[in-house]
A.B. asks: 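Sharing a structure here in C-alpha cells format.
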Amino acid sequence: MAEVTAADLTGPKGAKPRRAFSPTNIMIYGTLLVVCLYYLLPLYVMIVTSLKGMPEIRLGNIFSPPVEVTFEPWVKAWSEACTGINCDGLSRGFWNSVAILIPSVFVSIAVASVSGYALVNWKFKGSEVFFTILIFGAFIPYQVMIYPIVIILRETGQSISYVTGTDFRLMGSIWGLVIVHTIFGMPILTLLFRNYFSSLPEELFKAARVDGARFWGIFFKIMLPMSLPIFVVAMILQVTGIWNDFLFGVIYTKPETYPMTVQLNNIVNSVQGVKEYNVNMAATLLTGLVPLVIYFISGPLFVRGIAAGAVKG
Amino acid sequence: MTHSVEIKNLDLSFGAVDVLKNLNLSIGEGEFLVLLGSSGCGKSTLLNCIAGLLEATDGQIFIKGKNVTWAEPSERGIGMVFQSYALYPQMTVEGNLSFGLKNARMPKNEIASRVANAAEVLQIEPLLKRKPSALSGGQRQRVAIGRALVRDVDVFLFDEPLSNLDAKLRADLRVELKQLHARLGNTMIYVTHDQVEAMTLADRIAIMKDGLIQQLDSPSEIYSRPRNKYVADFIGSPSMNFFEGVLESGTFRAGDLSFAMDGYVYERDGFSGAASFGIRPEHIATGDAVAASAVQMDVPIKVVEPLGADTLALTDVAGTSFWVRMEGAANVKAGDSLRIGFDPARGSLFDAGDELRI
Amino acid sequence: MAVTDSGQVAKRPSRLFKNMAAKIATVPMVLIALVVFVGCTLWTIYHSFTRSRLLPAPEKWVGLDNYERLWSENRWLISIENLAIYGVCMLVVSLTVGFILAALLDRKIRFENTIRTIILYPFALSFVVTGLTWQWILNPQLGLQNVVREMGWTNFTFDPLNNPEIVIYGILIAGIWQGSGFVMVLLLAGMRGIDEDIWKASRVEGIPAWKTYIFIVIPMMRPVFVTAIVIIAAAIIKVYDLVVAQTSGGPGIASEVPAKYVIEKMFGAQNLGLGFAASTMMLVSVLVVLIPWAYLEFGGKKDG
C-alpha cells in the first residue's frame, strides 16, 4: 500500500454522505404518509364494508377487515337491489350508462375536434367571438340553461316526429342526453383541441394547402394522424365526465334509461326496506369502478386532461 | 424579358397594421430573387401572398402571365419549401413527395416516375421508405425541396429554408441549391435574413423594411452602391462606418475630419448640406497600403477581434466607433496606435435628411 | 410584356362560399354558442321576470316579484348561507392543502407518481360515489363516531349528517377529499413551470426552502392561483350531486344549496318563475367571480 499522509484522508472527500432519516425527510414523508392514508381510507372502508355480512357490520366497526368474506352484497347490488321503482339492481343502470356513453363520447369529440381545428386553421370573421362565448359558457351554471334545453329537445323531437311520421323523442331518450353531453362538453374539449392544433407547426398546414389538400383532406390526412394523444386525453376526459354525470341523467332521461349514477343514488337513498350498507357500498364501488379503472390505467394522460382546462389558450 | 412573377400595387394589412404597402415587383423567368430583411420587414408575408397562403388586401399577383390573385395555393403553379421543413410526420418520404400529386388526382405511374426523378436529382433514393423522424436535418431539407420539385412547377418559393441547420450544413446546402437552380432553371424566390445566403445565391436581392422594398439590385450593386443608409448599414459585417457631417462643394467635413470626395460617382449632382459619409471596414487600408490612400490618420485601437482569416479592430475616429478589417496575421493589440487610410471614392454619401444616396 | 388584367382565373370566389366546408363544419359550434350559451341564458333571465308556474302558459311580466319571493324564502336563504360557508372553506382549505401537498411533492421525493395517483384518484369518481361513501363513513350509529367511542372516548360526538348546525361541514369534508387532489395537480404544474434557476439562486443565497416558497414561488404563481380560484369557484357554485347523494338536503333543509333549490323548483315544485330567478342569481354570483378575472386576464392586452 502506498504511503498516504493523514492530511489526505481527513476532510470532505467524494460524494457528500446523505442521511436517509434527516428531520426534513421524516417530516416530508411522514406528512405524505398520513395524507395518503386519509385519501385511501374511504376506498378501504368501501371495500371492507362491501365484503362483510350485515350482522358483522352492525356489531363491528367500519375500519375492521371482514371476519368472513362474502361476495353476496356485490351480486345483490348488481342484479337485485331495489330503487323504489324496480328491483333489477345496478345492471340496468350500467347498460344504460354504456348506451349513453358510447355515442356521447363519439359525437362530442367529433364535433369539438373539428371546431378546434377550424378555429386554429380556418379562422373566419367572428370565429374568436364564438370561441370566447364557449369559454364563458363553461362557467355558466347548468341550472341557467337546463330548462330552455328541455323545451328545445321536446320541440325538436316533436318536429322530427311530425316530419318523419314516427314517434321520435329527444327529451327523455338517450339521444337527447347525447346532445346535452355534446353541448356541455364543447367548451373544455374545443379548448383542448384548439390548444393542441395551434401547437402543431403552422407550416405543415401551409404545405398541405400548397399540396392541394382542402378542409377535410388536411383534417383527416395531416391533423388526425398527428393528434392521437390528444384524442386519447379527450376520450378519458369524456368517458369519466359522462359516466360520472348525475344532473343531466336525472333531468333528461326517464327511469327506464337512468344512467348508473342515478340508479345508484336511488338504490342507496331509497327509503324502502332495511338499509343494507354492504350492498350500498358494493353498488357504490361498482359505479366508481369504470372511472377508477380508466384513471389507474391512463395515469399521466388523465392528469394532462384535467390540467388542460387550466392551461391558458 | 418575360416575367415569371409579377406583383402589382400589392397591399396587405392585418386590421390597422399595414404589412405591405403598394408593393411592385417583377421577377424574370429563371431568376433567383432573394427577399432580404430583418424580422418583421414583411418578406415572409410577401412570400405567403405569392403562395396564396395569405389573401392580399389590394393589388394583383401574376404568375406566368396568369392573374392568380384569387387562386388557391395549389392552383398557382408554385412549390414551397418551409423553414421547419413541414414534412408530414406520419408519412414516409415517398408519401410526403406524392401527397400533392395524389390530391391533384394524377395517375399512379406518373406519380411514381416523378417521385423517382426528384429522388434522383436530390440523391434521396435510399430514404424513400423512411419517416421524416428518421432523417437528419439536411436530409429533411432535401425532402422538403423534393416536395416542391415533384410538382413540376415554374416557381419555387423558399421561406428561410436553411435557418434551422447548423453553419456547416447550411454552407453545403447553399452550394447545392445554387447548383440545383443552375440545372433546373426555375424561377426561385427565396426569403432569408442571412446576408451571406442572399449575396451568394441571388441574381437580384430585394432588401425590405417596413413592408417596402428599399433596393432591388444585383448583390454587387447593393454592396458597392447602396441606395440608402438603411441598406448600407444592413449589408456587410461589421457594418459600414458612418460619419455625420456636411458636404460642401465636393468636400466632406465632420468635426476635425475633412476630405475631398475626389473620384466619387454622384447620384445627385450639386448636393450641399448635412450628409453622412460611410465606408466599409474592408475598404480601410493599413500597413504599407496606407501610403497610397487619399486620407490618412493615426487612430487608437480599443478592441481587437482575431477571426483567423481576418482581424477586426475597433478604433476611434473623431469620437465615433470605427471598424477596421485587417489581414489575419496583423499583429496588433488594444491600446496600440494604428495608421489607417482610405479612399473617399470607395465610400458612400447619404443625405442626412431623407437618408438617400447622394 | 404581355400580362393582361383579364386573367383566366378571374372568377372572384364569393366571400360567402369561400371555404364552405370550414363554415359548415363550425355550424354546431356556432349553434351551441349562440342558441344554448347565449340564447338559453337570456331566455331564463327573461322568464325570471315573468309569472310562469308551468310552461307553456301565458307569460305575465311581474318585474321583480320572483326575486322578492325568493329572498324572503327561508329555504333559499339557508341555501345561500350554506353555499357561502362551503365556498369560503372549500377555497381556503383546498388551496392551502393543495399548495402544501404540491410543495411536498415538488421536493424531488421518491414515489412521487404513486403518491400523486393516490391523492388524485377521488377526483376521478362521481360526486354521487363520493357523497355516498362519506355518508357511510359519517354514519352516526356505525361510522367514525362509533369507532372513536368504541376506542374509549364514549362522549365523542361527530355527527355532522344528523346535526343541522354542522351538516354543511360534513359535505365539505367530502368535497375537499374529492377536489384537493385536483388543486394540487394544478399548482404542482404551475410550480414545475417556474424557472429552475430561481431555486439555484435561492440556494446560493442561502434562503430556506419555506421562505423561497412563500416570498418567491407563490408570487410567481399568481396566474396559476387565479386560474385555480376561478375553476374552484365555478365548481362550488355548481355543487349539486354531492349534496343530493350525501344528505338529500337534510336534515330537514339544513344542507340545501342553490343548485339543488333551482332543480327542485323547476322539476319538483313546478314553480318555474322562482326557479328561473334563483338560477339567474346563480349566474350573477358566477359573473361576480368571472368578470374581474376576465378583466385581469384579457383586459389590458388585446390578443387575437
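What you see is a predicted model; the values in this text were computed from it and never measured. Throughout, protein chains are lettered first and strands after them, A, B, ... in sequence-line order, and every chain is numbered starting at 1.
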A.B. asks: Rounded to the nearest 0.5 Å, how far does NZ of A:Lys206 lie from CG of B:Leu157?
C.D. replies: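 Taking CG in B:Leu157 and NZ in A:Lys206, the distance rounds to 11.5 Å.
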A.B. asks: For the backbone of B:Glu72 and the side chain of A:Arg209, can you confirm whether one donor and one acceptor N or O come within less than 3.5 Å of each other?
C.D. replies: no
A.B. asks: Just give me the residue among A:Gly212, A:Pro201, A:Ala207 that pairs up with chain B most often, heavy atom to heavy atom, under 4.5 Å.
C.D. replies: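 Top option by heavy-atom pairs under 4.5 Å: A:Ala207.
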A.B. asks: Please step through side-chain contact (heavy atoms from CB on, under 4.5 Å) for the pair A:Asp211 and B:Tyr88, ending with a clear verdict.
C.D. replies: CA-CA 11 Å; A:Asp211 274 341; B:Tyr88 312 124; 2.9 Å; yes
A.B. asks: Using only non-hydrogen atoms and a strict under-4.5 angstrom cutoff, which residues of residues 216-228 of chain A touch chain B?
C.D. replies: A:Lys221, A:Ile222, A:Pro225, A:Met226
A.B. asks: A quick test of your reading: do over 12 heavy atoms of other residues, nucleotides or ligands sit less than 6.0 Å from CD of B:Glu176?
C.D. replies: yes
A.B. asks: So which residues of residues 107-134 of chain B are in contact with chain A at a heavy-atom cut-off of under 4.5 Å?
C.D. replies: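 Interface residues of residues 107-134 of chain B: none, nothing closer than 4.5 Å to chain A.
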A.B. asks: Would you indicate whether the side-chain heavy atoms of B:Ser84 and A:Leu204 approach each other to under 4.5 Å?
C.D. replies: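 No, too far: nothing below the 4.5 Å cut-off.
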A.B. asks: Could you give all pairs that pass the side chain to side chain donor-acceptor pair (under 3.5 Å) test and reach residues 157-167 of chain B, with sequence neighbours left out?
C.D. replies: B:Ser44-B:Asp159, B:Gln83-B:Asn164, B:Glu160-B:Ser163, B:Glu160-B:His193
A.B. asks: Considering only heavy atoms, give the residues of residues 96-112 of chain A separated from chain B by less than 4.5 Å, sorted numerically, with 'none' for an empty result.
C.D. replies: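 If one takes a 4.5 Å heavy-atom cut-off, no residue of residues 96-112 of chain A lies near chain B.
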A.B. asks: Could you look at B:Leu87 and say if it's the side chain, the backbone, both or neither that has a heavy atom under 4.5 Å from chain A?
C.D. replies: backbone
A.B. asks: Might you confirm whether atom NZ of B:Lys21 has over 12 heavy atoms from other residues, nucleotides or ligands at distances under 6.0 Å?
C.D. replies: yes
A.B. asks: Look up atom CZ in A:Arg214 and atom OG in B:Ser74, then write down how far apart they are to the nearest 0.5 Å.
C.D. replies: 5.5 Å
A.B. asks: Between B:Ala144, B:Gly79, B:Pro73, which residue shows the highest count of heavy-atom pairs closer than 4.5 Å to chain A?
C.D. replies: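 Top option by heavy-atom pairs under 4.5 Å: B:Pro73.
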